[in-house]
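Step one of this worksheet: look at the structure below.
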Amino acid sequence: MTEVPDFNSSKEKRARFGKVFSTRVEKLIENLQAMSKTANLEIYEFDDELVKKLFIELAKRFRETAHRFGIEFEITIDGEQVK
């Protein structure tokens, strides 16, 4: 009879993390690459202040997520630290 895996074991948790985390990072990278295409001024026109505001929000979310993994970093925009 096949042994049922212990889903709470460190080995199983690491395996699940590796599968889920890497997939989500790949999706995030793909989305950022797609987003960068909208900087093409021959095709798009954008509001600089809105873009800056949204990048600050994204950076804050990255910082919050990194904090959950024990990683700390500062965000500086145009020489000014973002709280």
Side-chain angles (χ1 to χ4, degrees):
M1 190 158 96
T2 305
E3 186 176 323
V4 176
D6 178 4
F7 291 109
N8 290 321
S9 74
S10 181
K11 182 179 177 182
E12 287 294 324
K13 287 179 180 180
R14 284 185 175 272
R16 276 197 315 272
F17 174 82
K19 182 178 178 183
V20 171
F21 190 76
S22 62
T23 301
R24 291 179 183 175
V25 169
E26 287 172 17
K27 286 180 184 178
L28 182 57
I29 290 169
E30 288 173 9
N31 285 329
L32 287 170
Q33 288 171 334
M35 190 172 77
S36 73
K37 293 176 184 177
T38 63
N40 183 342
L41 294 175
E42 292 181 14
I43 301 172
Y44 302 100
E45 185 175 318
F46 53 86
D47 178 304
D48 291 337
E49 282 305 309
L50 176 61
V51 169
K52 182 178 179 178
K53 185 183 205 179
L54 294 175
F55 268 98
I56 289 170
E57 184 60 33
L58 286 171
K60 287 178 179 180
R61 302 237 177 176
F62 270 105
R63 181 177 59 197
E64 290 168 8
T65 303
H67 176 76
R68 295 186 68 167
F69 288 95
I71 299 167
E72 303 296 330
F73 61 88
E74 294 179 1
I75 304 165
T76 306
I77 305 287
D78 300 328
E80 187 175 321
Q81 188 173 359
V82 175
K83 302 285 181 209

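Residue Leu28 holds its CG atom at 10.0 Å from CD of Gln33, rounded to the nearest 0.5 Å.
By the ring pair (Phe, Tyr, Trp, His ring centres under 6.0 Å) test, Phe21 is found to be paired with Phe17, Phe69, residues two or more places apart in sequence or in another chain being considered.
Clustering of Ile, Leu, Val, Met, Phe, Trp and Tyr by side-chain heavy atoms under 4.5 Å joins Leu54 with Leu50.
Within the structure, salt bridge (Lys or Arg N to Asp or Glu O under 4.0 Å) pairs that include any residue of residues 17-42 do not occur (at least two apart or interchain). Residues in residues 53-63 take part in these salt bridge (Lys or Arg N to Asp or Glu O under 4.0 Å) pairs, two or more places apart or across chains: Glu57-Arg61.
Residue Phe46 comes nearest to Leu41 through the heavy atom pair CE2-CD2, 3.4 Å, listed as atom of the first residue, atom of the second, then distance.
No chain of hydrophobic side-chain contacts below 4.5 Å, direct or via other Ile, Leu, Val, Met, Phe, Trp or Tyr residues, connects Phe55 to Tyr44.
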Could you give the side-chain donor-acceptor pairs of residues 9-16 under 3.5 Å, partners two or more places apart or in another chain?
residue: Ser9; atom: OG; partner: Asp6; partner atom: O; Å: 3.0
residue: Ser9; atom: OG; partner: Glu12; partner atom: N; Å: 3.2
residue: Arg16; atom: NH1; partner: Phe7; partner atom: O; Å: 2.9
residue: Arg16; atom: NH2; partner: Phe7; partner atom: O; Å: 3.2

Table please: side-chain donor-acceptor pairs of residues 72-83 below 3.5 Å, with sequence neighbours left out.
residue: Glu72; atom: OE1; partner: His67; partner atom: ND1; Å: 3.3
residue: Glu72; atom: OE2; partner: His67; partner atom: ND1; Å: 2.4
residue: Asp78; atom: OD2; partner: Lys52; partner atom: NZ; Å: 3.1

